[in-house]
Structures are given as structure tokens and as C-alpha cells.
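Each remark here refers to the structure printed beneath this line.
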Amino acid sequence: MTLWEAVAIFAAGVGAGGINAVVGSGSLITFPTMVAVGIPPVVANVSNNIGLVPGSMTSVLGYRAELEGQRSRLVRLGIGSVIGSLIGGLLLLSLPARTFNVVVPILIGLSCVLVVIQPRLNRWLAARRETANPHGGPWLWLGVLGAGAYGGYFGAAQGVLLIGLLGSVLDEDLQRVNAAKNVLALLVNATAALLFIAVAEVDWRAVALVALGSTIGGFFGARFGRKLPAPVLRGIIVCVGVVAMVKLIYA
């Protein structure tokens, strides 16, 4: 890894940490950056997941005021996140690498679509919400389980999925929903990271660079991310995602 490649991965980590604190989809920056510098896709995905855990932690700390009163809810939903993450991580490690190369461009494409339509989707779902269960009920739990499996397997835009799920079911303002999303995403990433550390091939140089960058990005993202123009942020994410799809398809 050259100096400029290391700088690129670190910078991607900073950007991903900030984006994950505000919206989610930071992996659409770090993952393609790792692939671009020559790290194999599955190793890049595993290393990216581990490296983003510290950034998730700083994001949670930055939103601790909005987490007040949500402990019971997050314990219930967190169990679903952990189980789902284990399922997704095991699928990543057990399926052939070529399966990942085929599936991931599709997942990135879906993630980009979700990033674009998320505000409209949330408004549409919220308008059709009839009742608000304090914990979301069994359907939200199953949805969080599915999002955890997705996050354990790949992870890009799992934050968008979670915001869509939580925001459409819970009677909470967006900042409290985003705080809950950060906790659940942390649980997914940390669970998958422990699994990957135990049994998967890891590029520890990339992990260290992403971890340092995402920690910085998560801290400032939680403090100032709400001031970023959302359309600009979404546009950057989608552009990076399209580049990643093209590279993976034609690699």
C-alpha cells in the first residue's frame, strides 16, 4: 500500500464516519476505495466492517441526549440486530467469493436507490401509520432482523434501511430515530466484526486507517452533520456507489 493509497483510505474513513452518523451509507465510500487500491472485495468488506466500528461508537456518543428513554426499546430491537448480523456474516463467509462479486453490485444499486428515495419513502410510510407501538411491535423487530442480516453481509445503506423502518413505525422525531439507528448499526457492525476477527482474512492496515478516519468523522458528523445540505450528501453517495458498481461489474 502506497502513501497516497493510505491517505485515500483514511480520507474515505473520515467521510464514511460522518455520513454514517447522519444518514448511513458510509460504506459506499470506504468499500469502493479499498477495492480501487487493490484489496480483494471480500477482504475489503470484512476490513471495512471492522474499521467502521469505532466511528459507530463516536456517533452513538454524539447522539446520547436523543437516546434518553429508549433503553428498553433498543434492548428488544438490539437482539434482532445481533441475530441478523450473525446470519449475514455467516452467509458472507460461507458463500463462494464469486457470489459476493455478483450480489454486491446489486446491493450497491439498491442502496443508491434507497439513499435517493428515502425522504419520500419515509413520508409515504409515516402518512400510512395507523398506530404507534412504543417498541414497534413484531413486524419492526423482524424488519430490524432483516436489516441486521443485510448489514452483516454487506452493510452499505443499512442506516437508510433502519431509518426507514424506525421512522415509519415509531412515533418519534427524526433525531431520536437517527440516534436509535446509530445504536442498532453499531450492534450490527460490532457483532459482525467479532465474527470476522475470529475466522476471516483481514487487512489490518486498512482497518487501522478506516478506524482512525471513521472515529474522527463520526465525532464531527454527530456534532455538525445535521447542517450538511442533504441533497449534496446524497448526490456524493450515489456517485460513489455508481463508480463502485461499474468497477465491480467490469473488474
Side-chain angles (χ1 to χ4, degrees), residues 13-27 52-82 84-85 114-115 118-127 129 131-137 139-141 143-148 150-151 155-191 193 213-234 237:
V14 174
I19 289 170
N20 282 340
V22 182
V23 182
S25 308
S27 290
L52 288 177
V53 171
S56 297
M57 294 176 66
T58 53
S59 299
V60 169
L61 291 174
Y63 276 89
R64 58 187 178 275
E66 288 82 0
L67 288 171
E68 186 176 351
Q70 298 201 67
R71 176 179 297 179
S72 177
R73 170 192 297 159
L74 290 174
V75 168
R76 293 173 187 241
L77 296 178
I79 293 172
S81 290
V82 170
S85 180
L114 285 170
V115 169
Q118 184 228 334
R120 182 174 297 179
L121 177 63
N122 282 4
R123 288 194 297 270
W124 184 84
L125 291 171
R129 182 175 57 210
T131 59
N133 185 308
H135 301 299
W139 290 112
L140 179 60
W141 193 90
V144 168
L145 174 72
Y150 172 85
Q158 70 163 316
V160 175
L161 285 172
L162 287 169
I163 287 177
L165 287 166
L166 298 171
S168 64
V169 176
L170 301 175
D171 187 17
E172 296 281 6
D173 65 60
L174 183 58
Q175 294 302 336
R176 283 175 61 80
V177 167
N178 198 42
K181 175 268 293 181
N182 285 341
V183 172
L184 297 178
L186 170 61
L187 290 173
V188 170
N189 290 341
T191 301
S214 68
T215 299
I216 296 170
F219 174 78
F220 286 104
R223 293 189 63 184
F224 305 113
R226 285 169 255 181
K227 300 178 182 179
L228 293 175
V232 173
L233 184 60
R234 294 179 195 282
I237 294 171

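When reading the values below, keep in mind they use all heavy atoms of this one structure, side chains included, and skip hydrogens, waters and symmetry mates.
Scored by the side chain to side chain contact (heavy atoms under 4.5 Å, CB included) test, Asn182 finds Ser59, Val60, Tyr63, Asn178 as partners (sequence neighbours excluded). Among residues two or more places apart in sequence or in another chain, the side-chain hydrogen bond (donor to acceptor under 3.5 Å, both in side chains) test is passed with Ser81 by none.
Annotation for Gly69 and Arg176: closest pair C-NH2, 4.4 Å, computed over non-hydrogen atoms. When all heavy atoms of Thr58 and Thr215 are compared, the pair lying nearest together is OG1-O, 3.4 Å. The two residues Gly143 and Leu165 have their closest heavy-atom pair at O-CD1, 3.4 Å. For the pair Leu186 and Ser56, the tightest heavy-atom approach, listed with the atom from each and the gap, is CD1-CB, 3.6 Å. Minimum interatomic distance between Ser214 and Pro54 (heavy atoms only, all atoms of both residues): OG-C, 4.4 Å. Nearest heavy-atom pair across Gln70 and Glu66 is NE2-O, 2.9 Å.
Rounding to the nearest 0.5 angstrom, the gap separating the CG atom in Leu140 from the CZ atom in Arg76 is 11.5 Å. Rounded to the nearest 0.5 angstrom, Lys181 NZ and Asn20 CG are separated by 6.5 Å.
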Hey, can you pull the donor-acceptor pairs under 3.5 Å for the side chains in residues 155-162, sequence neighbours left out?
from	atom 1	to	atom 2	distance (Å)
Gln158	NE2	Asn189	OD1	3.1

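A side chain to side chain contact (heavy atoms under 4.5 Å, CB included) with Leu74 is found for one member of Leu187, Ile79, Leu184 and no other, namely Leu184.
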